[in-house]
Amino acid sequence: MSKRPITVQAAAALEAAEGLAALGFGGYTGVETAVGAAVDPASAIGVTVLALAGGIGMLACARGLLRADQWSRAPTVLTQLFALPIAWSLWQSDRPGIAIPMGAAAAVALVAVLSPPSTAWLIEDDDEDERAAPAGPAKPVKAAPAEPRSLGRRLMDRLKEQPTKN
């Protein structure tokens with residue numbers, strides 16, 4: 001695996017910061033609910049559980065980005081897309097101190113995780129060498145290309161490998 005791009009590091013750092021903020025918010029609402037300060041305890045319990053679960057999920061996504069786990073990209077994009085309307089809602093609620101940093105972090109993380117260096121690094125085909133050979137006569141092994149293939153080229157190659165209906 002090649003060196004981790006700065007865009008992946010930035011996206012992982014922002015995702016982790018948002019995850020820690022969600023855990024902090026979940027802990028705060030949990031304590032407030034436990035001491036009886038919540039107006040609607042049932043809703044407060046739900047918010048607490050969702051914030052804690054979301055925070056843990058965001059931290060897992062940040063770890064996945066750093067480890068180049070392909071699964072982590074989609075939930076990272078989703079959390080950023082969810083954060084943008086929440087930031088807008090906070091802006092409309094006259095909470096610019098929370099809305100501006102949240103919106104900026106979501107926008108920067110979204111750009112970072114969708115950038116070409118991040119995409120190339122997270123979609124890298126490490127499993128090509130590890131694929132099991134089909135039963136039957138052995139096929140000659142192709143030499144690896146000198147330059148990394150583009151995402152479009154890899155997708156086209158995979159489509160060509162798919163069995164066709166007769």
Side-chain angles (χ1 to χ4, degrees), residues 1-33 43-131 144-145 147-162:
M1 199 175 310
S2 62
K3 186 179 180 217
R4 182 181 308 123
I6 189 75
T7 55
V8 171
Q9 294 173 358
L14 290 168
E15 184 79 3
E18 291 169 351
L20 291 172
L23 285 176
F25 177 71
Y28 174 78
T29 58
V31 169
E32 289 291 306
T33 304
S43 294
I45 291 170
V47 168
T48 299
V49 170
L50 285 174
L52 293 175
I56 291 168
M58 285 187 269
L59 290 174
C61 287
R63 183 174 186 254
L65 287 174
L66 292 175
R67 295 177 47 163
D69 292 335
Q70 290 182 7
W71 65 265
S72 63
R73 186 170 186 238
T76 299
V77 169
L78 265 173
T79 57
Q80 303 316 314
L81 291 176
F82 285 138
L84 290 172
I86 292 170
W88 180 252
S89 175
L90 287 167
W91 177 263
Q92 291 180 328
S93 301
D94 294 327
R95 298 289 203 143
I98 302 170
I100 292 171
M102 182 181 210
V108 170
L110 196 57
V111 168
V113 79
L114 293 175
S115 70
S118 296
T119 300
W121 194 70
L122 290 169
I123 308 293
E124 194 169 280
D125 284 336
D126 288 334
D127 60 342
E128 284 185 2
D129 300 333
E130 299 170 6
R131 286 190 192 150
E147 293 184 27
R149 295 179 296 156
S150 70
L151 177 60
R153 182 78 248 151
R154 287 191 305 239
L155 291 173
M156 290 304 295
D157 290 346
R158 288 230 174 134
L159 283 173
K160 289 177 185 175
E161 292 173 4
Q162 298 297 317

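Computation of the quantities below employed the complete heavy-atom set of this structure, encompassing side-chain atoms and omitting hydrogens, waters and symmetry-equivalent molecules.
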Q: Other residues, nucleotides and ligands only: do more than 12 of their heavy atoms fall within 6.0 Å of CH2 on W71?
A: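 Check passes, neighbour count above 12.
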
Q: Check L66 against W121 and note the closest heavy-atom contact, atom names and distance.
A: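 That would be O-CH2, 3.6 Å.
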
Q: Which value, rounded to the nearest 0.5 Å, describes the distance between L23 atom CG and M58 atom CE?
A: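 L23 atom CG to M58 atom CE measures 7.5 Å (nearest 0.5 Å).
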
Q: Please walk me through it: do S72 and R67 pass side-chain hydrogen bond (donor to acceptor under 3.5 Å, both in side chains)?
A: CA-CA 9 Å; S72 63; R67 295 177 47 163; over 6 Å; no

Q: Hey, does Y28 have a side-chain heavy atom less than 4.5 Å from the side chain of E32?
A: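 With C-beta onward as the side chain, the pair touches.
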
Q: I'd like to know whether D69 forms a side-chain contact (heavy atoms from CB on, under 4.5 Å) with L122, so could you lay out the CA-CA distance, the side-chain angles of the two residues, the decisive distance to 0.1 Å, and finally the verdict.
A: CA-CA 7 Å; D69 292 335; L122 290 169; over 6 Å; no

Q: Tell me, do T48 and F25 make a side-chain contact under 4.5 Å, heavy atoms counted?
A: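 Side chain of T48 against side chain of F25, heavy atoms only: no contact under 4.5 Å found.
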
Q: Using side-chain contact (heavy atoms from CB on, under 4.5 Å), reason through E18 and Q80 one step at a time and then give a plain yes or no.
A: CA-CA 9 Å; E18 291 169 351; Q80 303 316 314; 2.8 Å; yes

Q: Side chain of S118, backbone of A112: donor and acceptor closer than 3.5 Å?
A: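 A pair under 3.5 Å: yes.
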
Q: So L110 and L84, do their side chains get closer than 4.5 Å, heavy atoms only?
A: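 The answer is yes, as the side chains (C-beta and beyond) meet within the 4.5 Å cut-off.
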
Q: Just so I know, are the side chains of V77 and V113 near enough to count as touching, which here means a heavy-atom distance under 4.5 Å?
A: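 In contact.
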
Q: Between T79 and E15, does any side-chain donor sit less than 3.5 Å from a side-chain acceptor?
A: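 Yes, a side-chain donor-acceptor pair sits under 3.5 Å.
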
Q: For a quick test of reading the model, state the closest non-hydrogen atom pair linking R73 to T119 and the distance between them.
A: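 Smallest heavy-atom distance, with atoms named: NH2-OG1, 2.8 Å.
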
Q: Report the distance from atom CG of L65 to atom OG1 of T76, rounding to the nearest 0.5 Å.
A: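 Between atom CG of L65 and atom OG1 of T76 there are 4.0 Å.
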
Q: Mind checking the CD-OG1 spacing from Q9 to T7? Nearest 0.5 Å is all I need.
A: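 Here the interatomic distance stands at 8.5 Å.
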
Q: What closest approach, in Å, do P96 and P101 show between heavy atoms, and which atom pair accounts for it?
A: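 Scanning both residues completely, I find the closest heavy atoms to be O-CD, 3.8 Å.
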
Q: For the residue pair G26 and A51, what are the closest heavy atoms and their distance?
A: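 Here G26 and A51 meet closest at CA-CB, 3.6 Å.
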
Q: Measure across T33 and T29 and return the closest heavy-atom pair with its distance rounded to 0.1 Å.
A: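 Scanning both residues completely, I find the closest heavy atoms to be OG1-O, 2.7 Å.
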
Q: To check you understand the geometry: which heavy-atom pair defines the closest contact between A11 and A109, and what is its length?
A: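 Scanning both residues, the minimum pair turns out to be CB-O, 4.1 Å.
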
Q: Roughly how far apart are S93 OG and I86 CD1, rounded to 0.5 Å?
A: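 If I round to the nearest 0.5 Å, the distance is 11.5 Å.
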
